[in-house]
Every structure is written in structure tokens, then in C-alpha cells.
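What follows is a set of notes on a single structure, which appears directly below.
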Amino acid sequence: MKHKCIIVDDEPLARELIASHLANFENFELIDSFENALKAYTFLENNAVDLIFLDIEMPLLKGNDFLKKLKNPPKVIFTTAYREYALEGYELNVIDYLLKPITFDRFFVSIEKFRQLQTPKKENNSTNENYIFVTSGNKNIKIILDEILFIESLKDYITIHLENEKSYHIKQNISVFEKLLNSNFVRVHRSYIIQAKKLTSYSKNEIEINSVEIPIGNSYKENWLNHLDTIIEK
């Protein structure tokens with residue numbers, strides 16, 4: 001089943017960019033776009049949608065005021081050039097807050113947040129069905145979370161190290177990618193996230209996974225110790 005989406009933005013180029021990003025996802029259908037919130041309001045009176053990409057600073061009616069007027073609003077992702085609306089966005093329970101110009105990798109994170117809200121949480125015995133998609137070149141690649149050993153960062157790129165010596169090198173910020181992971185994963189260094197149950201051994205200053213030594217950053221030691229007892233299978 002496809003998720004029905006609309007775009008509400010007074011900037012034609014912004015509407016085109018969001019539509020272009022959205023076209024990469026097969027399960028999402030853009031059913032209409034609007035240059036102002038009043039037209040979108042009329043449309044929603046007779047049509048159901050699953051997701052709105054909503055600008056804030058628009059003529060006639062601002063996006064945040066429009067959202068407050070909807071009795072049963074669908075899921076919303078704010079798209080704006082203004083940081084100062086971030087707090088209000090979260091108070092309105094929007095899924096995400098995208099700052100223009102919107103890059104595809106950041107757009108991808110928003111789509112994943114929406115997907116996670118649509119997917120029922122799985123029991124521990126179903127972790128083999130828990131997955132995400134990552135973009136490598138022109139492909140969206142399915143990654144089974146339980147197969148990830150650790151994630152390594154280098155500037156704006158990360159390498160996802162999997163079991164069986166597989167790995168994927170993608171353009172992504174590690175802090176953004178961290179938000180896609182479940183509670184089995186722990187940030188242990190500014191450049192490393194590990195899946196704790198995959199570790200071979202650990203000491204005060206480092207962790208070993210499949211003979212790879214991973215340092216524990218000083219500012220992450222407390223976080224690591226707090227998670228150690230609850231994440232590692234006993």
C-alpha cells in the first residue's frame with residue numbers, strides 16, 4: 001500500500017525538489033501539491049492523506065497556523081528555511097523539521113522516521129525482520145539491523161560493517177544515522193557506533209568486535225557503562 005502525500009509550499013523550486021526526492025521511494029505517492037495552505041485546507045476537507053510536507057512561512061496562512069486548524073491532521077514534516085520554528089514544530093508533534101535547502105540524505109532520515117511510525121514494534125524474537133534502507137549511488141539497499149557489527153565515521157561519510165565481512169560506504173552523518181538505529185546500538189566514540197551484543201571482548205578503554213579494536217571515547221564512557229548491563233545478552 002502506498003502512502004499518500006501532499007506538498008504545501010509557496011516556492012515552486014522547493015515543491016519540485018521535494019517531489020524529486022519523494023520519487024525515489026516506491027511506497028510513497030505524491031497526489032497533489034499546493035502553493036498556499038488555504039488550497040491545501042480545502043483539499044483535505046474531501047481527501048485523506050498520510051503525510052504532508054509543510055512549509056511554514058507562506059502568504060495568507062502560515063504552515064504552523066494551518067496545522068493548528070486541522071481537526072485530525074495527518075503526519076507532518078515541516079520544510080522551512082527558518083530554524084526558529086523548530087521548538088513549535090515539536091510541540092505540534094510533527095515527525096521532523098527539515099531545513100532548506102533539503103539534501104536527499106536528510107530527506108531520507110525523515111522518510112525513515114515516518115516509516116518507523118507506521119511499522120508496529122517487533123518483539124525481540126523478530127529482530128531478523130528489523131531493517132532500514134541506505135542509499136548507495138543510485139540504489140536503496142536493505143540492511144538487516146541484526147547483521148550490523150559497527151558503524152565507522154569519517155567526516156561526512158560512514159562505513160556500515162556487516163557480518164560476513166560485508167560493508168557499505170555511504171554519504172551520511174553518523175549522528176543523523178544514529179537516530180535510525182534501535183536500542184541494541186550504542187555510541188561509544190564520536191566516530192563509532194557498535195551493536196553491543198556483537199562484541200567479542202571489552203576493557204576500560206576499548207571494545208573488540210571480530211578482531212577489530214574500537215576505542216571508547218572519554219565523553220562516551222558513562223553512556224557505554226549505563227547500557228552495558230541492559231543491552232548485552234546474558
| Once the angle between the rings of Phe114 and His3 is folded into 0 to 90°, is it parallel (under 30°), tilted (30 to 60°) or perpendicular (over 60°)? | perpendicular

Would you say the rings of [Y] and [X] are close, in the sense that their centroids are separated by under 6.0 Å?
X	Y	value
Tyr41	Phe34	no
Phe133	Tyr131	yes
Phe104	Phe25	yes

| request: Determine the sole option in Val76, Val94, Ile77 for which the side-chain contact (heavy atoms from CB on, under 4.5 Å) test with Ile52 is passed. | output: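 With Ile52 as partner, Val76, Val94, Ile77 yield a single side-chain contact (heavy atoms from CB on, under 4.5 Å), made by Val76.
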
Check whether any side-chain N or O of [X] sits under 3.5 Å from a backbone N or O of [Y] as a donor-acceptor pair, and report yes or no.
X	Y	value
Arg190	Tyr192	no
Asp50	Lys4	yes
Gln195	Ile148	yes
Asn24	His21	yes
Asn210	Val212	no

| remark: Residues at least two apart in sequence or cross-chain that pass salt bridge (charged side-chain N to carboxylate O under 4.0 Å, His left out) with Glu29, listed by chain then number, are none

Can you name the closest pair of heavy atoms from [X] and [Y] and give their distance?
X	Y	result
Ile102	Phe107	CG2-CB, 4.0 Å
Leu30	Ile6	CD1-CA, 4.0 Å
Arg187	Ser175	NH1-OG, 3.5 Å
Lys100	Ala14	NZ-CB, 3.9 Å
Ile193	Glu178	CD1-CB, 3.6 Å
Phe43	Asn47	O-ND2, 2.8 Å

| query | Would Ile160 and Phe150 satisfy side chain to side chain contact (heavy atoms under 4.5 Å, CB included), going step by step from the backbone distance to the final call? | reply | CA-CA 6 Å; Ile160 305 170; Phe150 63 94; over 6 Å; no

| Worked verdict on Val134 versus Lys142 for side chain to side chain contact (heavy atoms under 4.5 Å, CB included) | CA-CA 7 Å; Val134 299; Lys142 184 178 182 179; over 6 Å; no

Could you measure the distance from the [atom1] atom of [X] to the [atom2] atom of [Y]? Nearest 0.5 Å is fine.
X	Y	atom1	atom2	value
Arg115	Leu51	CZ	CG	11.5 Å
Leu13	Ser20	CG	OG	12.0 Å
Ile151	Leu180	CD1	CG	10.0 Å
Ile18	Asp9	CD1	CG	5.5 Å
Ile174	Gln172	CD1	CD	10.0 Å
Lys62	Ile56	NZ	CD1	9.0 Å

Is [Y] paired with [X] through a side-chain N to carboxylate O contact shorter than 4.0 Å?
X	Y	result
Glu26	Lys2	no
Arg15	Glu11	no
Arg106	Asp96	yes
Lys197	Asp146	yes

| request: Please name all residues satisfying ring pair (Phe, Tyr, Trp, His ring centres under 6.0 Å) with Tyr168, sequence neighbours left out, ordered by chain then number. | output: none

Given side chains that start at C-beta, do those of [X] and [Y] come closer than 4.5 Å, heavy atoms only?
X	Y	result
Ile194	Ile207	yes
Val49	Leu44	yes
Asn36	Val8	no
Glu112	Ile132	yes

| message | If you count heavy atoms of other groups shown closer than 6.0 angstrom to CD of Glu222, is the number above 12? | response | no

| query | Which pairs pass salt bridge (charged side-chain N to carboxylate O under 4.0 Å, His left out) with one or both residues in residues 160-176, sequence neighbours excluded? | reply | Glu163-Lys198

| Any luck finding a side-chain donor-acceptor pair between His161 and Ser167 under 3.5 Å? |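 Per modelled atom types, His161 and Ser167 side chains form no pair under 3.5 Å.
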
| request: State whether a side-chain donor-acceptor pair under 3.5 Å links Asn205 with Ser203. | output: no

Consider only side-chain heavy atoms of I, L, V, M, F, W and Y, link residues closer than 4.5 Å, and tell whether [X] and [Y] are in one cluster.
X	Y	answer
Leu149	Tyr157	no
Ile95	Leu22	yes
Tyr220	Ile214	no

| task | Before giving the answer on side chain to side chain contact (heavy atoms under 4.5 Å, CB included), spell out for Thr80 and Leu98 the whole-Å C-alpha distance, their side-chain angles and the decisive distance to 0.1 Å. | result | CA-CA 6 Å; Thr80 180; Leu98 291 175; over 6 Å; no

| Stepwise side chain to side chain contact (heavy atoms under 4.5 Å, CB included) test for Asn64 and Phe78 | CA-CA 9 Å; Asn64 51 347; Phe78 273 157; 4.2 Å; yes

